[in-house]
Amino acid sequence: MPDIVLEYASEIRLAIGQTFVMVGISILAAVLVGLPLGTWLYLSRKGQLLSNRFVFSSLNLLVNTIRSFPFLLLVVFLIPFTRIIIGTAIGTAAATVPLAVIAIAHYSRLVEQSLLEVPKGVIEAAVSMGASTREVVVKFLFVEARSGLVLGLTTSIVSFISYSTIMGVVGGGGIGDFAVRYGYQQFQTELMLYMILIMVILVQLIQFAGTTVARLLDKR
Amino acid sequence: MILLQNVSKAFSGQPVIQSVALSIEQGEIHGIIGASGAGKSTLLRLMNLLERPDTGRVEFDGMDLTNLPNRQLRQTRQNIGMIFQDFNLVGNKTVEQNIGVSLELARVKKCEQADRIQECLRFVGLESFARKYPSELSGGQKQRVAIARALANRPRVLLCDEPTSSLDPSTTSEILRVLQDINQTLGVTIVLVSHEMQVIQSICNRVTIMADGQIETTIATEPAGITEITSDAGWFLTQLTERRDPHA
Ligand SMILES: Nc1ncnc2c1ncn2[C@@H]1O[C@H](COP(=O)(O)OP(=O)(O)OP(=O)(O)O)[C@@H](O)[C@H]1O
Ligand SMILES: [Mg+2]
């Protein structure tokens, strides 16, 4: 371990912990809210099971709007909202709010796209067998789209890591923030490079894991 | 068994089925033939309400399906099996899981499911394929799995939309033989949509001819029997298939 890294070991450990919390909450939000939202977006499309023009346009507009915000502006824009939910707009907990919002918007779009790749005939067969909409989603759509859903989540997680690096602006901490404050601002370029290295390794691992799981799940 | 009365259906203002009346009798194999775009698939999909008619009644066993609450409609659909040209199996489920899901939907007890799956697979001659995925099967085998899946809930009717159109001539004969067997040994009524005259002629008791969303006529026929389709006939079928959808 390089000396400079050892010197800041406890700060780095804290920063990594903060990144994991921020990315972890983002993943949770993506799966718990983004997956259902993306499914609804898909189902409300023209010609699908819950086809509804008003619902689809509204959801579509909402997701597009959130995703078109430059992320830094979204963070600032959401400050009053964050204060209501968390009680403060500063700190790692507060940082998870805008991250969760963008995570939901980001993943729901990828969910919609994965579901669109399921052949319509499979859904038709499911309906002809007497499946309810819920059963079509759980027993057919998610099963058939599962590798796409995993790959989408992988892509999303990599973006969440990137988003988490700018949460220093609201005192969220994390590896990115550490790299800027200790590495860049204190002219310890070496330290900054080590932080970037950590990020690169992290992203490689996640991508490798996601691709492998997706491949194992795909029997088509 | 199935009764369509004055049924009409339009897609975005374009009439596709125009006041059609048709009765499918218990125990028959009823063919529906017509040119591409005549509305054969739509007519078939009206029978299990995959497509809702704009006007008219769709009766199954004397029940008007169009008035049925959702839950009962879903239960009724379990009595009406359906198979398709593209098989529509779930690629990420094994053969037995594909059949099993249909039993789950019908709330068949877990302990009974394995037996039922075996029974269906035996019927279509695929006992040893239970653990395989659809991607490991030939087209004919996939259609057999689809048939097994449709039979799992012991339906009274089997709706078939061009079940042999993506199969070669000899596999076509095999599948037709399975359908005939289902009709004769299990007493399942069959509605068979096809644009191939030979397919219809070989096993149907009655044939409905469609054109432009209307029924031209329904005639009784003597099933000609499934002959090994000769290479000439094979060529003829290919011609028909190619003519069928130039846009596909
Ligand atoms: N969901 C839909 N939306 C709009 N138009 C449709 C839809 N389904 C069918 N049609 C139209 O209705 C007409 C009849 O279609 P249908 O699929 O019933 O014909 P078909 O006789 O089965 O033809 P083919 O032999 O090509 O399968 C066609 O013109 C088709 O374009
Ligand atoms: Mg058709």
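All chains are named by letter (A, B, ...) in the order of the sequence lines, taking the proteins before the strands, and each is independently numbered beginning at 1.
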Nearest-0.5 Å distance, CZ of residue B:R144 to CD1 of residue B:I175: 5.0 Å
Choice from B:L73, B:D86, B:L105 maximising heavy atom contacts with chain A below 4.5 Å: B:L105
Measure B:L50 against the heavy atoms of chain A and call it side chain, backbone, both or neither at under 4.5 Å. side chain
Measure up the A:F160 and A:H106 rings against each other and bin them: parallel (under 30°), tilted (30 to 60°), perpendicular (over 60°). perpendicular
What residues, two or more places apart in sequence or in another chain, satisfy side chain to side chain donor-acceptor pair (under 3.5 Å) together with A:Q207? A:T211
I'd like to verify something: which residue of B:P155, B:A150, B:S135 has the highest number of heavy-atom pairs under 4.5 Å with chain A? B:S135
For B:L89, is it the side chain, the backbone, both, or neither that has a heavy atom closer than 4.5 Å to a heavy atom of chain A? backbone
Which residue out of A:D218, A:V122, A:V118 racks up the most heavy-atom pairs below 4.5 Å with chain B? A:V122
Pick one of side chain, backbone, both or neither for B:Q97, based on which atoms fall under 4.5 Å of a heavy atom in chain A. neither
At a heavy-atom separation under 4.5 Å, does A:S132 approach chain B through its side chain, its backbone, both, or neither? both
Give, as side chain, backbone, both or neither, the part of B:R71 having an atom under 4.5 angstrom from any heavy atom of chain A. neither
Is the closest basic N to carboxylate O distance between A:E135 and A:K139 below 4.0 Å? no
With A:N60, which of A:R109, A:R45, A:E112 fulfils side chain to side chain donor-acceptor pair (under 3.5 Å)? A:R109
In terms of heavy-atom proximity below 4.5 Å to chain A, should B:N48 be classed as side chain, backbone, both, or neither? side chain
Against chain B, label A:L217 side chain, backbone, both or neither, depending on which of its atoms sit under 4.5 Å from a heavy atom there. backbone
Measuring heavy-atom distances to chain B, does A:E144 have an atom under 4.5 Å in its side chain, in its backbone, in both, or in neither? both
Applying side-chain contact (heavy atoms from CB on, under 4.5 Å), name anything that partners B:Q180, two or more places apart in sequence or on another chain. B:Q184, B:I203, B:I226
Per-residue contact mode, B:V101 against chain A (heavy atom under 4.5 angstrom): side chain
Under a plain distance cut-off of 3.5 Å, with no hydrogens placed, do B:T208 and B:H30 share a side-chain donor-acceptor pair? yes
For the CZ atom on B:F11, are there more than 12 heavy atoms of other groups (residues, nucleotides or ligands in this structure) within a distance under 6.0 Å? yes
